[in-house]
Amino acid sequence: MPKWLDHAVFYEIYPQTFLDTNADGIGDFQGIINKLDYIKDLGCNAIWLNPCFVSPFSDAGYDVADYYHTAPRYGTNEDLKRLFQEAHSRGLHVLLDLVPGHTSVEHPWFKASMRPERNEYSDRYIWTDSAWEWTENMPCLRGISQRDGSCAVNFFSTQPALNYGYYERTRSWQQSPEDEGPRATLEEMKNVMRFWLGLGCDGFRVDMAGSLVKNDPEGKGTMALWRKVRAFLDEEFPEAAIISEWGEPDKSLPGGFHMDFLLHFGPSHYNDLFRCEEPFFSDRGQGDASAFVEKYLETCEKAGGDGLICLPSGNHDMDRLAKYVEGEQLKLAFTFLLTMPGAPFVYYGDEIGMRQVEGLTSVEGGYSRTGARTPMQWDGGVNAGFSAAPASELYIPLDPAPDRPTVQDQQGKADSLYSYVKGLLALRREHPALQNRSGIRFVGDGAPGVPLAYERECEGERLLVVVNPRSQTASFPWNGALGEAVFCLGAPAVQAAGAVTAAPASAGIYRIS
Ligand code: TEU
Ligand code: CA
């Protein structure tokens, strides 16, 4: 287990829209390098960079055409290497985004795989024996090649699925994970990891990690595959970290990942908190966090071990946090996000409450996701400081709202969301009990009338976190002694007659013994 994960706090960067330094309207590696100090100053010490490899960009780069070269629009491999070095010199770690489940249709492997004569890449993808036979319960491409057969796709139709085999096999064309083709695919993916780790990256966020082995309802085949990858990393790159886009830590962590996310899909009830009609983080008070808490505890129990369960503020696939959670509620949501166990993940711009921009034309397969990928709003200058290109040439248009939040504006204000997030991250650093591996015990589950409340503990330090987003008071039974508040938003909680009552729209962190 890489030691740096004990204190890791991540910042996710969508490179297209972070900072453009050569006025071509799209972000670049140099832009990220220029903002490393900003990320560090905010209180993050690690970065997850969305895919930045050669691609036709039908899915924003999740359709890789060359795993070994960066997309020229961001810079060269050398520039990325420099980014790693500049990050390391500031004590920051960098995860790249590995897309092992599919390539672009333009990848040379796929082109070779479409050829009628057998070759090295014939079994790199999943092909049926005949163009008249579908890929069972997966979508597929048909009528596209001289090779006879239909080819399975993973996501969009431009993303053919790489072949890691089938756990349960019912057709002759379904291979075992132990067959030569699937094994060669995995070996090549290990080579890709070796290559970038060799260049200085610190690990990978792994795209659709839970879906590699097909017909694998319980995930057993896919878990076995990742355990092999983990053994390889432990052996060759013990400080490298991998986090899965899986959303089921009870599978991914025993399956070898160091970390997994709770996400907008999967069984976690994450959406109950921030993204549904009546989220928990709302002053309307109609939301309910108790299903989330119940599932969280069950997942921790089942996952066991020392892996981390991570809560993102958002990501490039979800609506912006600020779409459903507004104003002071964003502070309460961040109080929760930044005081939970696991490594926190802040999606770029969420620290200033960037909004979902509605009504945009889809860019690079973003569709509804496009509105959560708009340019970072740095300041009040041209294009909000994102780019010197003409506004019409920006990768995605800026949030047009005259009152759109900016970093510059919020850095100057003590009561801004930016200052709040920065303050909380500093508090997290100062208190071991609030950090990634410290224990948690829920004492209030966010059911109607109840706040979210949990004890965090480490090396003798014990803290109680109480968060009540509602405009009514909320309470929970508690018999301990409520000590000094190390942090407070709104009125502090009061203790009387074996219960703690939290004020409306308040958050507090208290010493307990
Ligand atoms: O996402 C996988 C996925 O299934 C969802 O996050 C999906 O994008 C979302 O539910 C749609 O609203 C990963 C990447 O994060 C995503 O950006 C890619 O498009 C996808 O894989 C394919 O690589
Ligand atoms: Ca650029």
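Just so you know, these numbers come straight off a predicted model, no measurement behind them. Order of listing sets the numbers, starting from 1, for every ligand and every atom in it.
At distances below 3.5 Å, at least one donor-acceptor pair connects side-chain atoms of Gln377 with backbone N or O atoms of Pro405. Side chain of Asn77 to backbone of Tyr68: a donor-acceptor contact under 3.5 angstrom is found. Of the possible polar contacts, none joining the Ser387 side chain to the Asn383 backbone as a donor-acceptor pair under 3.5 Å is found. Listed for the Asn436 side chain is a donor-acceptor partner under 3.5 Å among the backbone atoms of Leu5.
For residue Ile26, an N/O/S atom approaches the Ca ion (ligand 2) to within less than 3.0 Å. Here Gln30 fails the criterion, with no N, O or S atom under 3.0 Å of the Ca ion (ligand 2).
Annotation: Phe261 is in aromatic contact with Trp48 [ring centroid separation under 6.0 Å].
Nearest protein heavy-atom contact of atom 9 (C) of ligand 1 is His264 NE2, 3.7 Å. The shortest contact between atom 14 (C) of ligand 1 and any protein heavy atom is with Asp207 OD1, 3.0 Å. Considering only non-hydrogen protein atoms, atom 11 (C) of ligand 1 sits nearest to Arg369 CD, 4.1 Å. Remark: minimum distance from atom 1 (O) of ligand 1 to any protein heavy atom is reached at Glu245 OE2, 3.0 Å. Of the protein's heavy atoms, Phe155 CE1, 3.7 Å lies nearest to atom 4 (O) of ligand 1. The protein heavy atom nearest to atom 17 (O) of ligand 1 is Asp317 OD1, 2.7 Å.
Checking Thr103 against Tyr67 by side-chain atom types alone, no donor-acceptor pair falls below 3.5 Å. For the residue pair Tyr62/Asp207, the side-chain donor-acceptor check at 3.5 Å is not satisfied. Inspection of the Tyr38 and Glu351 side chains reveals an N or O donor paired with an N or O acceptor under 3.5 Å. Between Ser55 and Asp63, the side chains place a donor N or O and an acceptor N or O closer than 3.5 Å (distance only, hydrogens not considered).
Applying the side chain to side chain donor-acceptor pair (under 3.5 Å) test between His316 and each of Arg373, Arg369, Glu12 identifies Glu12 as the sole match.
Of all the heavy atoms of His102, the ones lying under 4.0 Å from any atom of ligand 1 belong exclusively to the side chain.
Cation-pi geometry between Lys35 and Trp378 is met: the NZ or CZ atom falls under 6.0 Å from the ring centre, inside 45° of the normal.
Contact between Met318 and ligand 1 is absent, with no heavy atom of the residue lying under 4.0 Å from the ligand. Not a single heavy atom of Glu364 sits closer than 4.0 Å to an atom of ligand 1.
Less than 4.0 angstrom separates some heavy atom of Asp59 from each of these atoms of ligand 1: 18 (C), 19 (O), 20 (C), 22 (C), 23 (O). Less than 4.0 angstrom separates some heavy atom of Met208 from each of these atoms of ligand 1: 2 (C), 21 (O), 22 (C).
If you look at Asp28 and ask which of its N, O or S atoms sits nearest the Ca ion (ligand 2), the answer is OD2. Between the Ca ion (ligand 2) and the N, O or S atoms of Asp20, the shortest distance is to OD1. Its N, O or S atom nearest to the Ca ion (ligand 2) is what matters here, and for Asp24 that atom is OD1.
Of the listed residues (Tyr367, Phe265, Tyr14), the one carrying the non-hydrogen atom nearest atom 5 (C) of ligand 1 is Phe265.
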